[in-house]
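To start, the structure under review is shown below, and the notes come after it.
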Amino acid sequence: QSCDLYNLGIGGISLSGGDRRTLTPAGHYADNNHIHHFAQLVFTYQNAIRLSGVGCRMTHNLVHDTIHEALNYSGNDHLVEFNEVYNVCLEADDSGIIHQGRDWTWRGNVIRYNFFHDIVAGHAVSNMGVYLDDMESGVEVFGNVLYRIPRAILVGGGRDNLVCNNLIVDCPIPVSIDNRLMN
């Protein structure tokens, strides 16, 4: 809580806990941290904040300035709210401010009331604000402000995702939904 983390060779805060078998929450949290200029030695998948397990939260954090993605989670019932993230994915493509996916059982996660803004476009696929990748399911994306992001929200297949009441401004592709892995 309330840490200033900067000029980091890899990522910042990693929280893990809880029991996925019983969905018992860990209760771990990262709150009111300022994390910037991270992943300076290992450039990819070194997040400012990463949650895994069950029932962790990242709230009220300010994150900026890295070449790849900023936030990540795996598991169930995590809460991501009231964060501000900008100026990330600086040298990336097909990345997101918050990126997760590839497991249909990671359900019950909530991404709400965040301010995600000012992300550059990649060279081929582009970059996303909220990136629900490869069948991510059961996520609520609610009440976020997404501003000046090439693709604000991408839902890459999956099911039971709720995307509503987000304010999306000056984003060439506001919401993109596909049906990957249907075959």
Side-chain angles (χ1 to χ4, degrees), residues 4-6 11-13 29-39 44-51 57-73 78-101 106 108-180:
D4 292 321
L5 304 171
Y6 56 94
I13 299 170
Y29 63 91
D31 182 67
N32 192 42
N33 300 290
H34 183 188
I35 306 169
H36 59 96
H37 296 91
F38 57 96
T44 58
Y45 302 105
Q46 300 297 314
N47 308 103
I49 304 171
R50 177 184 305 244
L51 308 178
R57 60 188 162 95
M58 59 177 94
T59 55
H60 302 101
N61 299 289
L62 175 61
V63 176
H64 58 92
D65 289 293
T66 194
I67 66 171
H68 200 228
E69 51 195 52
L71 310 175
N72 182 280
Y73 67 75
H78 298 304
L79 177 61
V80 179
E81 70 178 354
F82 299 113
N83 300 288
E84 180 180 356
V85 181
Y86 66 93
N87 213 30
V88 299
C89 302
L90 293 173
E91 297 180 28
D93 186 44
D94 194 19
S95 293
I97 289 173
I98 182 165
H99 183 197
Q100 60 286 324
W106 295 346
N109 298 296
V110 177
I111 303 169
R112 67 181 177 204
Y113 311 130
N114 298 285
F115 180 29
F116 296 154
H117 62 98
D118 295 296
I119 304 304
V120 298
H123 299 291
V125 176
S126 204
N127 291 313
M128 280 53 84
V130 176
Y131 195 173
L132 306 180
D133 200 5
D134 292 342
M135 308 305 291
E136 179 71 6
S137 298
V139 179
E140 179 181 329
V141 181
F142 180 88
N144 299 286
V145 176
L146 299 111
Y147 175 59
R148 294 190 343 200
I149 300 171
R151 189 178 309 200
I153 300 170
L154 184 139
V155 180
R159 61 184 304 155
D160 305 322
N161 291 307
L162 175 64
V163 177
C164 67
N165 292 340
N166 297 284
L167 180 59
I168 301 171
V169 178
D170 199 13
C171 299
I173 302 172
V175 179
S176 179
I177 301 171
D178 65 45
N179 65 347
R180 65 185 73 183

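For the numbers below, each heavy atom of this structure counts, side chains included, while hydrogens, waters and symmetry mates do not.
Of the possible donor and acceptor atoms, one in the side chain of Asp93 sits under 3.5 Å from a partner among the backbone N and O of Ser126. Although no hydrogens or angles enter the test, the distance criterion places no donor-acceptor pair under 3.5 Å between the side chain of Asp133 and the main chain of Gln100.
Nearest heavy atoms, Arg50 versus Gln46: NH2-N, 4.3 Å. Annotation for Asn72 and Ile98: closest pair N-CG1, 4.5 Å, computed over non-hydrogen atoms. Across all non-hydrogen atoms, the minimal contact from Asp178 to Arg180 is OD2-NH2, 2.7 Å. The minimum heavy-atom distance between Phe38 and Thr66, with the atom names listed, is O-OG1, 2.9 Å. Contact detail for Ser176 and Arg151: the closest heavy-atom pair is OG-NH1, 3.5 Å.
Listed by chain and number, the residues in a side-chain contact (heavy atoms from CB on, under 4.5 Å) with Leu62 are His34, His64, Glu84, Tyr86 (sequence neighbours excluded). Under the ring pair (Phe, Tyr, Trp, His ring centres under 6.0 Å) criterion, Tyr29 pairs with no residue at all, not counting sequence neighbours. A search for side-chain contact (heavy atoms from CB on, under 4.5 Å) contacts involving Asp160 returns Arg107, not counting sequence neighbours. Considering only residues two or more places apart in sequence or on other chains, Tyr131 meets the ring pair (Phe, Tyr, Trp, His ring centres under 6.0 Å) condition with His99. With sequence neighbours left out, the side-chain contact (heavy atoms from CB on, under 4.5 Å) criterion links Ser95 to His68, Glu69, Cys89, Ala92, Asn127.
In summary, of the residues considered (Ile119, Ile153, Ile149), a side chain to side chain contact (heavy atoms under 4.5 Å, CB included) with Cys171 occurs for Ile149 alone. A side chain to side chain contact (heavy atoms under 4.5 Å, CB included) with Asn33 is found for one member of Asn83, Asp4, Ile13 and no other, namely Ile13.
Between the side chains of His78 and Asn109, not a single donor N or O lies within less than 3.5 Å of an accepting N or O. With no hydrogens or angles considered, no side-chain donor-acceptor pair links Asn87 and Asp118 at under 3.5 Å.
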* After noting the C-alpha distance and the side-chain angles of His60 and Asp31, does the key distance pass the side-chain hydrogen bond (donor to acceptor under 3.5 Å, both in side chains) rule? -> CA-CA 6 Å; His60 302 101; Asp31 182 67; 3.0 Å; yes
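Taken to the nearest 0.5 Å, the CG atom of Asn179 stands 11.0 Å off from the CD1 atom of Ile177. Atoms NE2 and CG, on His37 and Asp65 in that order, are 4.0 Å from each other to the nearest 0.5 Å. Atoms CZ and OG1, from Arg112 and Thr59 in turn, are 10.5 Å apart once rounded to the nearest 0.5 Å.
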For residues 137-147, which side-chain donor-acceptor pairs fall under 3.5 Å, sequence neighbours excluded?
from   : atom 1 : to     : atom 2 : distance (Å)
Ser137 : OG     : Met135 : O      : 3.0
Ser137 : OG     : Arg159 : N      : 3.1
Asn144 : OD1    : Tyr113 : N      : 3.3
Asn144 : OD1    : Asn114 : N      : 2.9
Asn144 : OD1    : Asn114 : ND2    : 3.0
Asn144 : ND2    : Ile111 : O      : 3.0
Asn144 : ND2    : Phe142 : O      : 3.4
Asn144 : ND2    : Asn166 : OD1    : 3.0

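Proximity of Asn47 to Leu71: side-chain heavy atoms (C-beta onward) are nowhere separated by under 4.5 Å.
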